[in-house]
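Below: one structure, written as structure tokens.
This one's a predicted model, so the numbers in the text were calculated from it and none came from an experiment. Residues: numbered from 1 along the sequence shown.
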Amino acid sequence: MNVTFIDIPHHLHPFVTKYDYGISSHKVLGQPLILRNIEILKRVYNDINIVSIEDRCSREIKLIQDNFPSIEIQRSHDEDQEHKDYDEEEITISHSEIQFGASDRSSGILTHTDFGGNGSTILEESSLYWKRKLKLNQQDDSILYVPFNSVLWVTKKQEKQYVLADLVTYPWDFLSITQKILNEVIIETRISPSASVAKSSIIEGPCIIEEGSTIDDFSKIKGPTYIGKDCHIGMGSLVRNCVLENNTRIGFNCEIGKSYFSGYDKISHHNVILDSLLGENVWFGGYSGTANVLLDRRNIKYQIDDRLVSTQTDHFGTVIGNNCAIGASVIILPGRQIQPNSTIQAGTIVGKQ
């Protein structure tokens with residue numbers, strides 16, 4: 001079977017840079033999502049031997065070659081990808097479910113054999129847009145198209161396995177996906193022998209703490225939470241329901257809740273980071289924070305180009321790009337975005353949409 005990765009429209013900026021293809025190379029629980037997706041597919045399809053991917057995706061190609069040496073890589077060029085012609089106004093689905101796998105029609109599960117006779121992949125029945133735009137090859141059921149910005153799962157119904165996909169279109173989709181992965185994957189506490197957890201600290205609920213990480217005195221880690229390699233949690237800090245990738249350092253007396261840190265981030269003392277996405281190498285000065293709730297409790301809006309889009313949630317913080325420096329005593333209001341390589345001066349209230 002040939003797995004073909006495709007680049008479809010999304011609104012994940014500034015969290016996803018121009019060098020990224022969807023969220024494919026972003027790590028969750030220490031593993032790039034493109035590798036997780038291939039592992040999921042191999043659990044259901046035993047005959048995956050070819051991955052087709054654009055030649056410009058050098059980082060993703062290397063990840064696949066290093067981790068799946070038995071899989072042949074077929075490279076294509078940008079001009080060969082017909083699915084790149086989109087009308088942005090037609091993107092109306094978010095966090096969409098895709099299901100594919102061997103099935104009979106009586107099960108009620110859409111499959112690649114259900115979709116257009118011999119269609120090579122399927123999406124929600126109502127999403128005719130995707131059927132048209134992906135230009136499915138209905139003569140070849142050996143090709144499986146997988147969007148870069150999707151996260152796959154294995155599910156079972158009537159003793160048969162299926163692959164379920166969540167499409168990640170907006171930053172809050174990705175935040176929801178990380179919470180879903182935390183809740184479904186981390187079911188017990190695992191602390192590396194080389195990690196250090198102070199006796200006065202509390203580990204509550206299932207957590208993974210990787211090698212070289214340090215949890216200082218009087219801290220609380222509330223699961224499910226993932227703390228990657230060589231991280232540091234300062235004295236008296238609370239970390240709850242978070243993904244902290246490698247080399248993240250949290251200062252003392254901080255609260256970090258329901259957030260994703262890409263790694264190599266440094267958070268000084270007395271910071272509050274809630275429901276937020278941080279790129280790599282983000283620095284926060286002391287006494288700063290990301291607010292996650294509006295005073296009137298309305299759903300939070302997020303700016304995309306020149307329009308405001310509802311996040312469909314009343315809890316959402318900030319999206320911060322790579323290599324940002326946030327000064328001391330900065331407050332970032334809900335639904336804001338900080339572009340990569342930005343500097344926010346101390347004492348600023350970031351409130352303009």
Side-chain angles (χ1 to χ4, degrees), residues 15-17 20 23-37 39 59-60 62-63 66-67 151 168 171 174-198 201-216 219-235 237-252 254-268 271 273-284 290 317-324:
F15 184 64
V16 171
T17 71
D20 294 321
I23 53 171
S24 58
S25 62
H26 279 68
K27 292 182 179 180
V28 178
L29 311 192
Q31 182 183 41
L33 285 170
I34 193 170
L35 300 184
R36 182 185 189 277
N37 286 345
E39 286 185 359
R59 180 165 46 183
E60 286 77 6
K62 187 176 189 309
L63 285 171
D66 290 347
N67 290 272
V151 177
V168 180
F174 184 76
L175 204 56
S176 295
I177 285 296
T178 60
Q179 292 299 306
K180 183 176 179 180
I181 292 175
L182 284 173
N183 281 283
E184 294 200 11
V185 175
I186 302 183
I187 57 176
E188 62 181 5
T189 295
R190 189 179 75 234
I191 302 174
S192 169
S194 66
S196 174
V197 179
S201 288
I202 298 172
I203 309 296
E204 179 183 301
C207 297
I208 293 178
I209 302 175
E210 300 283 22
E211 61 188 66
S213 290
T214 302
I215 313 299
D216 212 341
S219 295
K220 183 173 184 177
I221 312 298
K222 185 175 177 63
T225 283
Y226 174 82
I227 298 177
K229 297 178 181 178
D230 300 315
C231 293
H232 175 78
I233 309 300
M235 182 183 300
S237 287
L238 167 64
V239 177
R240 54 183 177 85
N241 307 97
C242 286
V243 173
L244 308 182
E245 292 296 338
N246 296 349
N247 291 281
T248 296
R249 304 189 67 82
I250 307 298
F252 63 86
C254 292
E255 180 183 359
I256 313 295
K258 292 187 177 180
S259 295
Y260 173 91
F261 288 63
S262 299
Y264 299 90
D265 302 310
K266 296 181 180 179
I267 310 299
S268 298
N271 279 285
I273 311 293
L274 304 174
D275 294 281
S276 295
L277 295 171
L278 275 68
E280 288 189 348
N281 194 34
V282 173
W283 182 83
F284 262 81
T290 64
T318 303
V319 180
I320 302 178
N322 295 340
N323 307 311
C324 288

Return the [atom1] to [atom2] distance between [X] and [Y], rounded to the nearest 0.5 Å.
X    : Y    : atom1 : atom2 : value
E204 : L238 : CD    : CG    : 9.5 Å
L182 : K258 : CG    : NZ    : 11.0 Å
S196 : H232 : OG    : NE2   : 10.0 Å
N271 : I250 : CG    : CD1   : 8.5 Å
S262 : Y260 : OG    : OH    : 4.5 Å
S25  : K62  : OG    : NZ    : 13.5 Å

With side chains defined as the heavy atoms from C-beta onward, is the minimum distance between [X] and [Y] less than 4.5 Å?
X    : Y    : result
N241 : Q179 : yes
I273 : L278 : yes
V319 : P171 : yes
E210 : Y226 : yes
I177 : L33  : no
D265 : F284 : no
I215 : I221 : yes
T248 : Y264 : no

So does [Y] get a backbone contact from the side chain of [X], meaning a donor-acceptor N/O pair under 3.5 Å?
X    : Y    : result
S237 : G251 : yes
S192 : S194 : yes
S201 : D216 : yes
S259 : S276 : yes
D66  : L63  : no
N246 : G263 : no

Notebook entry, point to check: Does the side-chain contact (heavy atoms from CB on, under 4.5 Å) test come out yes or no for I233 and T214, once each step is laid out?
Noted result: CA-CA 6 Å; I233 309 300; T214 302; over 6 Å; no
Check: Is it the case that E60 and S24 place a side-chain donor and acceptor less than 3.5 Å from each other?
Finding: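 Indeed, the side chains of E60 and S24 share at least one donor-acceptor pair under 3.5 Å.
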Margin query: Does either side chain, that of N323 or that of N281, offer a donor lying less than 3.5 Å from an acceptor on the other one?
Written below: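 The criterion, which ignores hydrogens and geometry beyond distance, is satisfied for N281 and N323.
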Note to self: Taking the basic N atoms (NZ, or NE/NH1/NH2) and the acidic carboxylate oxygens, is any pair closer than 4.0 Å for K27 and E245?
What the structure shows: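 Looking at K27 and E245, the cut-off is not met.
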Check: Could R249 and D230 be called an ion pair, given the rule that one side-chain N must be under 4.0 Å from one carboxylate O?
Finding: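 Here R249 does not pair with D230 in a salt bridge, since their nearest N and O are not under 4.0 Å apart.
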Which pair of non-hydrogen atoms, one from [X] and one from [Y], has the smallest distance, and what is that distance?
X    : Y    : result
E280 : N322 : N-OD1, 2.7 Å
S213 : I227 : OG-CG2, 3.9 Å
P224 : N183 : CG-OD1, 3.7 Å
V151 : R36  : CG1-NH1, 3.5 Å

